[in-house]
K.L.:
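Sharing a structure, written as structure tokens. Questions coming.
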Protein chains: 2
Amino acid sequence: MSKIMIADDEQKIRKLVCDFLKNVGYETLEAEDGDEAFALFQKHEDDIDLVILDIMMPGLNGWEVCKEIRALSDVPVIMLTARSEEFDELLGYESGADDYVTKPFSPTILVKKVEALLRRTKSAAYLGGEKDLTFNHEAHEVRLNGQEIELTLKEYNILKKLLENPGRVYSREQLLDSIWGYDYVGDIRTVDSHIARLRTKLGDWGNRRLKTVYGIGYKLEEE
Amino acid sequence: MSKIMIADDEQKIRKLVCDFLKNVGYETLEAEDGDEAFALFQKHEDDIDLVILDIMMPGLNGWEVCKEIRALSDVPVIMLTARSEEFDELLGYESGADDYVTKPFSPTILVKKVEALLRRTKSAAYLGGEKDLTFNHEAHEVRLNGQEIELTLKEYNILKKLLENPGRVYSREQLLDSIWGYDYVGDIRTVDSHIARLRTKLGDWGNRRLKTVYGIGYKLEEE
DNA sequence: CTTGAATATGAGTAAAATCATGATCGCGGA
DNA sequence: TCCGCGATCATGATTTTACTCATATTCAAG
């Protein structure tokens, strides 16, 4: 099960959050200030699946810890912000946080955010990680089990689009709109052609994951 | 696709937000003050999937609109707050808002929040009690006790419709009107066929909850 | 309270309509 | 010329509709 680190200087809050997270099956790790949080993260980096950071903490504050962590890892981060603080939410996103929760917060909502974030990042593993399909946007290259697959522009864009939201269904119109452009006029079934070619090129993986949703469109199925 | 209502008295802001939302495939509805917002919501209640409310508006202010909407519906609500305002976030949560964004905001962030919120609410368990049946509109997926049930379009739409108002009876005509379209011509008892297949596919749950109201139509029984 | 006519619904089947696929072809730009 | 792209078409698959007949329900008359 996933391990979550929570950093907050208030012991009560830490306990509250930990209790709820443990309740739904997560392991937790606690830090009571920014310095400890970062130290702990460095030590357990490979084990930690998600980080929750309070902003106002002794030592490094939450934003700073977040930036430091970001320098090392893409682990998902949720920030806790006290309502009275003059906080600049934007800064949070700039520092690389994935989500934030304002105090006072309902633990249930926090748990839901944690779950949503884990779900999202775990299914995005293909994009960064060591799974079977990797995207290298810079090089415009796709690799399946390390082997490069030569995709044409349209194929590449369609695959990329579907990969942006694994599980979500895209209608042919949506794909045409976002890849071809709003002003595209032409046969809607063109999408089918490209999907077919993608499936061929991606072989087994393509057949397994590129799903047709009858009467709706296509989606990339999560596994 | 989801429809989103945005209420703000500044035309520029409305346009900005609408453009971004449309860009990622949402439909939008605009209101320029609190009164119009509430009126519009009442009228299109069933179609609106999410509401974005500015706080400072002529007529009813954002908090008030939110409360009024909450009296009718659980639709997700995002509040827009000017950062300079002395605002009490708690009031926002008390009035039932699900999230808020402070101005000036980046449209991208707003879009992300919208998506996060829709994801959260749309895949949430439908009926308060047991968590056995879940709808994921994005993925066009229905799960019963976690296991996916493959439904055809019509089946899916009928189930969704009935689920919108558990306990309420829908006549065959109403279902035909809202799912097939008012101009449908054909056998009214087609509905029966689909209900029958739904019951089969949903097994025990279907037989228990999909009730026939003799002489009237069908309903989804609450438990 | 029972019966039976009238009506409504369920189950099953088969036909019809719709949709997706994969193969193929021609166009046009690199 | 080659290659990416869009279009078309035959084919098969899936979904939707229509229809039949058995069963269930209602309601009023006996």
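Letters A, B, ... mirror the listed sequences (proteins, then strands); counts begin at 1. Every heavy atom of this structure was used, including side-chain atoms; hydrogens, water molecules and symmetry mates were not.
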K.L.:
In whole angstroms, how far is the P atom of D:dA13 from the CG atom of B:L153?
P.N.:
21 Å

K.L.:
Let me know the distance between CG of A:L210 and P of C:dA20, rounded to the nearest Å.
P.N.:
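Rounding to the nearest Å, CG of A:L210 and P of C:dA20 are 14 Å apart.
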
K.L.:
Do the side chains of B:K67 and B:E64 get close enough for a salt bridge, i.e. N-O under 4.0 angstrom?
P.N.:
no

K.L.:
When we call it a touch if two heavy atoms are under 4.0 Å apart, what does B:V191 touch: a base, just sugar-phosphate, or nothing?
P.N.:
nothing

K.L.:
With side chains defined as the heavy atoms from C-beta onward, is the minimum distance between A:L29 and A:F41 less than 4.5 Å?
P.N.:
no

K.L.:
Round to the nearest Å and state the distance from A:E173 atom CD to C:dC19 atom P.
P.N.:
11 Å

K.L.:
Side chains of B:D8 and B:V17, heavy atoms from C-beta outward: is any pair under 4.5 Å?
P.N.:
no

K.L.:
Would you say D:dC5 has OP1 or OP2 under 4.0 Å from some side-chain N or O of A:W180?
P.N.:
no

K.L.:
Does B:D204 offer a backbone N or O that forms a donor-acceptor pair with the side chain of B:R199 under 3.5 Å?
P.N.:
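Pair absent, no side-chain N/O of B:R199 close to backbone of B:D204.
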
K.L.:
Given atom CG of A:D187 and atom P of D:dG4, what is their separation to the nearest angstrom?
P.N.:
21 Å

K.L.:
Hey, is B:E141 close enough to A:K211 for a salt bridge, meaning N to O under 4.0 Å?
P.N.:
no

K.L.:
A:K219 has an atom NZ; how far is it from atom C1' of C:dA20, in whole Å?
P.N.:
16 Å

K.L.:
Which sits closer to the 5' end of DNA chain D, B:I188 or B:K201, going by the nucleotide each is nearest to?
P.N.:
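Whichever sits nearer the 5' end wins; that is B:K201.
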
K.L.:
With B:K3, which of B:T28, B:L50, B:L21, B:D49 fulfils side-chain contact (heavy atoms from CB on, under 4.5 Å)?
P.N.:
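Testing each of B:T28, B:L50, B:L21, B:D49 against B:K3, the sole residue satisfying side-chain contact (heavy atoms from CB on, under 4.5 Å) is B:D49.
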
K.L.:
Tell me whether the side-chain N/O atoms of A:Y184 come closer than 4.0 Å to OP1 or OP2 in D:dA7.
P.N.:
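For D:dA7, OP1/OP2 do have a side-chain N/O of A:Y184 under 4.0 Å.
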
K.L.:
Take atom CD in B:Q11; do more than 12 heavy atoms of anything else shown fall under 6.0 Å from it?
P.N.:
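Buried by this count: over 12 neighbours within 6.0 Å.
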
K.L.:
One character per nucleotide, please: for nucleotides 21-30 of chain C, 5' to 3', B when the base has a protein heavy atom closer than 4.0 Å, S when only the sugar-phosphate does, - otherwise.
P.N.:
BS--------

K.L.:
Just the rounded figure in Å: distance from P of D:dG6 to CG of A:L198.
P.N.:
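A:L198 atom CG is separated from D:dG6 atom P by 13 Å.
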
K.L.:
Does any donor-acceptor pair link the side chain of A:Y214 with the base of D:dT15 at a separation under 3.5 Å?
P.N.:
no

K.L.:
Rounded to whole Å, please give me the gap between NE2 in A:H194 and P in D:dA7.
P.N.:
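Atom NE2 in A:H194 sits about 9 Å away from atom P in D:dA7.
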
K.L.:
Can you tell me how far P of D:dT16 sits from CD of B:E150, to the nearest Å?
P.N.:
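For the pair B:E150 CD and D:dT16 P, the rounded distance is 13 Å.
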
